[in-house]
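Predicted model, so just to flag it, every value in this text is computed and none were measured. Both counts, for ligands and for their atoms, begin at 1 and track the order of listing.
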Amino acid sequence: MTVEFVIVGGGPNGLLMATELALAGVRPVVLERLTERPTAPKANGLVGRVVAALDRRGLYERFSGGAPGPEPVPGFQFGAVPFGLSTVDDNALYALPVPQRRMEELLAERGAELGVEVRRGHEVTALSQDADAVTLDVRGPDGDYRLGARYLVAADGARSLVRKAVGIGFPGITDRGFVARSGEVAVPEPYAVAGSGELDVPGVGRFRPATFTRTEHGLFAYAAFAPGRFRVSAMEWTDESLTDTYEMDVAELRAALHRVLGADVPVEVPAGAAPPRRIVGVNSRQADRYRAGRVFLVGDAAHVHSAIGGPGLNLGMADVFNLGWKLAAVLHGAPADVLDTYESERMPVGRRVIMHTRAQTALLGPGPNVTALRDLFGELLADPGAARRIHDLMAGAGIRYDTPAPAHPLAGEWLPDLALRNGSGPVRVAELLRPARPLLLDLAGRADLVDAAKGWADRVDVVRAGTDEPPADAILVRPDGYVAWAGDADATADQVRGALAAWFGPAA
Ligand SMILES: Cc1cc2nc3c(=O)[nH]c(=O)nc-3n(C[C@H](O)[C@H](O)[C@H](O)COP(=O)(O)OP(=O)(O)OC[C@H]3O[C@@H](n4cnc5c(N)ncnc54)[C@H](O)[C@@H]3O)c2cc1C
C-alpha cells in the first residue's frame, strides 16, 4: 500500500504536523509505536512565539481552556536570572501552562476532526528510500506490513530510528554530570498557598509557578496545574555514576528537594499520577541535516537540548509550522526547491537554541564564580538592548528568513497580528490565517495587485482590508505567518506574480 505522507511519531510535533497537512488538503498517516499515551511528565507548557502561532490555527483557545488572546509575560528568566520585558515593545514571550499529555490529547482531537489517521501500536522497524518513494517496515498489532509513502516526516523523538536509518548524524555533547529528579505531586496547605498557585517553603521563601530557582546546591523548578497539584524538579550536579532514567519512590524525590532547598517539602504522589522519575545527563545535539531525500526531521528528532526555560516545543512546533505547508504546496505544484528552504531556515534557529540552553546551563552551575557571573548577567539584563537580545532567543523571535533582494523591510519577518478592518468588521491577522492558507493582504486598495493574484485563487486567499498605519501596500503572508513578499506604492503586478509562482507554483 502507498500513501502520500507518513508521519512517524505521534508526540506533539507529529500530531501538529498531521493537522497542518490535513488543513492543506493532504491526509497523512501517523504511525505511533505506543498503544497508550505515556503518563511520565514531560513539558509543563509552551513558551514563546509558538503560543501566537497556535492562535493562528485557532488552537490557542483549546490549549488555554478558552482564555482571551495570548498575552506576553512581563518578565522571564535566563538561566534562572530574572529579567524584565517592559522595554521590549513587541514582546513575544508568551507562556501557556499545559501539561504535554494534555497538548497531545488536544492535538489528536483536532487531527480526528480533520480526518487524520493515527495508527497507535504501529512501530516503524526499518525504512529505505529511492528517487520516487520511501518504504517502511511496520510492526502492527496484527503483524508486520510494508507501507510506501511519497514523503516521510520523522517526529520520532531524540532517539529517532528514522534519522539513523537515513544516515543523518546527530553530533553534539552529552553532559552526564547533571541529575534531575521530577514528579507530579500534591502538597498540603499552607505549603500550597491557597488561591495563588504559589508554593511557600518555611524558612526558604515563596515560589511562583513556572520559575526556576538556583541555590548553592542545585536548581529547583516548579509548575502548578491545579489547586495543590504541582510539578516539582530538583536538579543537582553530580559525579556519581547513575543509570539513565528510572522511576523512583517519593522519598528519593523528597530527599533531593531537601538537598537543593535546604528544607523539607512534604510532597506526595497523588492517586493516578505517574511515579517520580530521575533523568541523568543533558544532551545538546543537532542533526547534521534536516532532510535526506524524501525524509524530513522535525522536533526532538532534529535537536535536543536542556529544557531550561522551556524552549523545546517552541522550536519543534515552529519547525512543523515551517515545513507542513511547504510539503503540501510542493504536492500541489510549487517548485521543489521550496522544500530546501526548510533546512536553510530552521537549522540556524536550532543552533541558536542549543547555544542559549548551554549558556543557561553554565549559569546554573555551582560555586561562587558562577554566582558572580550571575550577578553580572543580572546587571547586563537591565540594559534594554541585552533584554531585547535574550527575549529574541527565548521567544524564538528576531528571526528573518532569506528573501530575494531587493526586499521590503517586512520580507522574511513574522507578520505582527495587525488589527484589520474588512467588509465584515474588525479582524486580526491571526484569524485570517486559521485555514493555514497563504494570504495576500491588500492594505491600500491596490486593484492591480489583487488582479495579479487571480490565477492563484485556488491556493491563495486575497483579503482587502484597512489598518491604521499600514506597514506596506500589500503583503504576501505564508501559512506559517512569515512574510514571503511585501510591497509599497512602487510595487508591481509582476512582483506579485513572481512571488506567488516562486512559493506556490504557476498560475492555474
Ligand atoms: C522532563 C522534561 C521536561 C520538559 N519540559 C518542557 C517544557 O516545559 N516546555 C517545552 O517546550 N519542552 C519541554 N520538554 C521537551 C519536550 O518534551 C520535547 O521537545 C517534546 O516531547 C518533543 O516532541 P516530539 O513530538 O518531537 O518527540 P516525542 O515527544 O519524543 O515523541 C516522539 C514519538 O515518536 C514515537 N516513536 C518513536 N520511535 C518510533 C518508531 N520507530 N515508530 C513509531 N513511533 C515511534 C514515540 O513513542 C513518541 O510518541 C521537556 C522534556 C522533558 C524530558
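- Protein heavy atoms are found inside the 4.0 Å sphere centred on atom 33 (C) of ligand 1.
- Residue L34 has at least one heavy-atom neighbour below 4.0 Å for each of these atoms of ligand 1: 47 (O).
- Screening residues 109-166 for ring-ring contact (aromatic ring centres under 6.0 Å, His included), with sequence neighbours left out, gives F5-Y151, H122-Y145.
- Residues Y342 and Y290 bring their aromatic ring centres within 6.0 Å.
- Listed here is the closest heavy atom pair of R437 and L433: O-CD2, 3.9 Å.
- Remark: ligand 1 atoms within the under-4.0 Å shell around heavy atoms of H122 are 43 (C).
- Cation-pi geometry between R56 and W414 is satisfied (NZ or CZ under 6.0 Å from the ring centre, within 45° of the ring normal).
- To the nearest 0.5 Å, atoms CG (L31) and CZ (R120) are separated by 11.5 Å.
- In the vicinity of L313, heavy-atom distances shorter than 4.0 Å reach the ligand 1 atoms 10 (C), 11 (O), 12 (N), 20 (C).
- Residue A155 approaches ligand 1 through these ligand atoms, each under 4.0 Å from one of its heavy atoms: 32 (C), 33 (C), 34 (O).
- Residue contact check: L31 has heavy atoms under 4.0 Å from atoms 43 (C), 44 (N) of ligand 1.
- Counting the atoms of ligand 1 from 1 in the order shown, those under 4.0 Å from a heavy atom of N44 are 7 (C), 8 (O).
- Side-chain atoms of R346 and N322 include no donor-acceptor pair closer than 3.5 Å.
- Which parts of ligand 1 touch G45 is read off a 4.0 Å heavy-atom cut-off, strictly below it: atoms 7 (C), 8 (O), 9 (N), 10 (C), 11 (O).
- Between the side chains of T174 and R285, a donor-acceptor pair is found at a separation under 3.5 Å.
- Under a 4.0 Å heavy-atom criterion, S182 is not in contact with ligand 1.
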